Amino acid sequence: MVKAEVELEIPFHDVDVMRIAWHGHYAKYLEIARCALLEQIDYNVPQMEASGYAWPVIDMRIRYAQPLHFQQRIRVEAQLVEWEHRLKVEYQIKDANTGRRLTKAYTVQVAVDASSGEMLYASPAVLLSKLGQEP
């Protein structure tokens with residue numbers, strides 16, 4: 001399985017008056033980790049575009065177990081768990097100091113042919129090749 005992790009600090013502009021990160025910012029933290037994951041397989045967003053595909057997120061679920069606080073250091077772990085018909089990435093957000101899990105989530109992306117706008121029902125050969133799979 002392909003994995004990546006990034007460490008972030010919750011900035012002031014992401015928090016409310018109680019100094020808790022607004023729930024909508026979590027998607028941004030997941031995106032940062034997913035970009036690191038895609039870099040690991042040498043298929044980042046510009047490379048996706050160059051290969052003729054867009055990969056929109058079509059499903060996202062976030063389980064908010066514990067809040068994230070201003071200046072808290074977090075570790076966002078991303079793991080690619082499915083890739084044959086879609087990209088499914090699972091995430092865990094943990095406190096960077098204690099390792100305590102604070103949030104878990106997943107996203108699902110599908111390949112869309114950039115020229116026709118048609119969704120593919122199987123992952124394109126370029127992705128499978130980046131993962132060391134035969135198309």
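Bear in mind the structure is a predicted one, so any value in this text is a computation, not a measurement.
In this structure, F70 and P11 have side chains that are not in contact, with every pair of non-hydrogen atoms separated by 4.5 Å or more. Residues V57 and V108 are not in side-chain contact: their nearest non-hydrogen atoms beyond the backbone lie 4.5 Å or more apart. Within the 4.5 Å cutoff, side-chain heavy atoms of L102 are placed close to those of Q72. No side-chain heavy atom of R100 sits under 4.5 Å from any side-chain heavy atom of K94. Within the 4.5 Å cutoff, no side-chain heavy atoms of V89 are placed close to those of V81. A heavy-atom distance below 4.5 Å is not found between the side chains of L120 and V112. Here the side chains of K28 and D14 are in contact, with some heavy-atom distance below 4.5 Å. For the pair V45 and W55, the minimum side-chain heavy-atom distance is 4.5 Å or more.
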Which atom pairs, donor and acceptor, lie under 3.5 Å between side-chain atoms of residues 15-24 and protein residues at least two apart or in another chain?
from, atom 1, to, atom 2, distance (Å)
D16, OD1, M18, N, 2.8
D16, OD1, R19, N, 3.2
D16, OD1, I20, N, 3.1

Listing, residues 31-42 side-chain donor-acceptor contacts under 3.5 Å, not counting sequence neighbours, or none:
from, atom 1, to, atom 2, distance (Å)
E31, OE1, R34, NH2, 2.0
R34, NE, Q109, OE1, 3.2
R34, NH1, Y91, OH, 2.9
R34, NH1, T107, OG1, 3.4
E39, OE2, N44, ND2, 2.9
Q40, NE2, K3, O, 2.9
D42, OD1, Q47, NE2, 2.9
D42, OD2, K130, NZ, 3.4

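The environment of R61 atom CZ is sparse: at most 12 non-hydrogen atoms of other residues, nucleotides or ligands sit within 6.0 angstrom.
E5 has a carboxylate O that lies under 4.0 Å from a charged side-chain N of R75, or vice versa, which qualifies the two as a salt bridge. Under 4.0 Å is where a charged nitrogen must lie from a carboxylate oxygen, and between K104 and E90 no such pair does. Between D59 and R86, none of the side-chain N atoms (NZ, or NE/NH1/NH2) sits under 4.0 Å from a carboxylate O, so this pair counts as no salt bridge.
M60 and V6 fall within the same hydrophobic cluster, defined by Ile, Leu, Val, Met, Phe, Trp and Tyr side-chain heavy atoms under 4.5 Å apart, directly or through other members. Cluster annotation: V76 and Y64 are assigned to the same hydrophobic cluster (Ile/Leu/Val/Met/Phe/Trp/Tyr, side-chain heavy-atom contacts under 4.5 Å, transitive). There is no path of hydrophobic side-chain contacts, each under 4.5 Å, that joins Y121 to Y53.
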(message) What verdict does the side-chain contact (heavy atoms from CB on, under 4.5 Å) test give for Y106 and L30, after you've listed the backbone C-alpha separation in whole Å, the side-chain angles of each residue and the deciding distance to 0.1 Å?
(response) CA-CA 9 Å; Y106 70 79; L30 304 181; over 6 Å; no
(message) Quick one, D95 with R101, criterion salt bridge (Lys or Arg N to Asp or Glu O under 4.0 Å). Give me CA distance, side-chain angles, the key distance, then yes/no.
(response) CA-CA 7 Å; D95 182 273; R101 189 181 78 201; over 6 Å; no
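The heavy-atom pair separating M48 from S51 by the smallest distance is O-OG, 2.8 Å.
Checked by atom type and distance alone, the side chain of S123 pairs as donor or acceptor with a backbone atom of W83 at under 3.5 Å.
Checking T103 against Y29 by side-chain atom types alone, no donor-acceptor pair falls below 3.5 Å.
Taken to the nearest 0.5 Å, the CD1 atom of I74 stands 5.0 Å off from the CD1 atom of I93.
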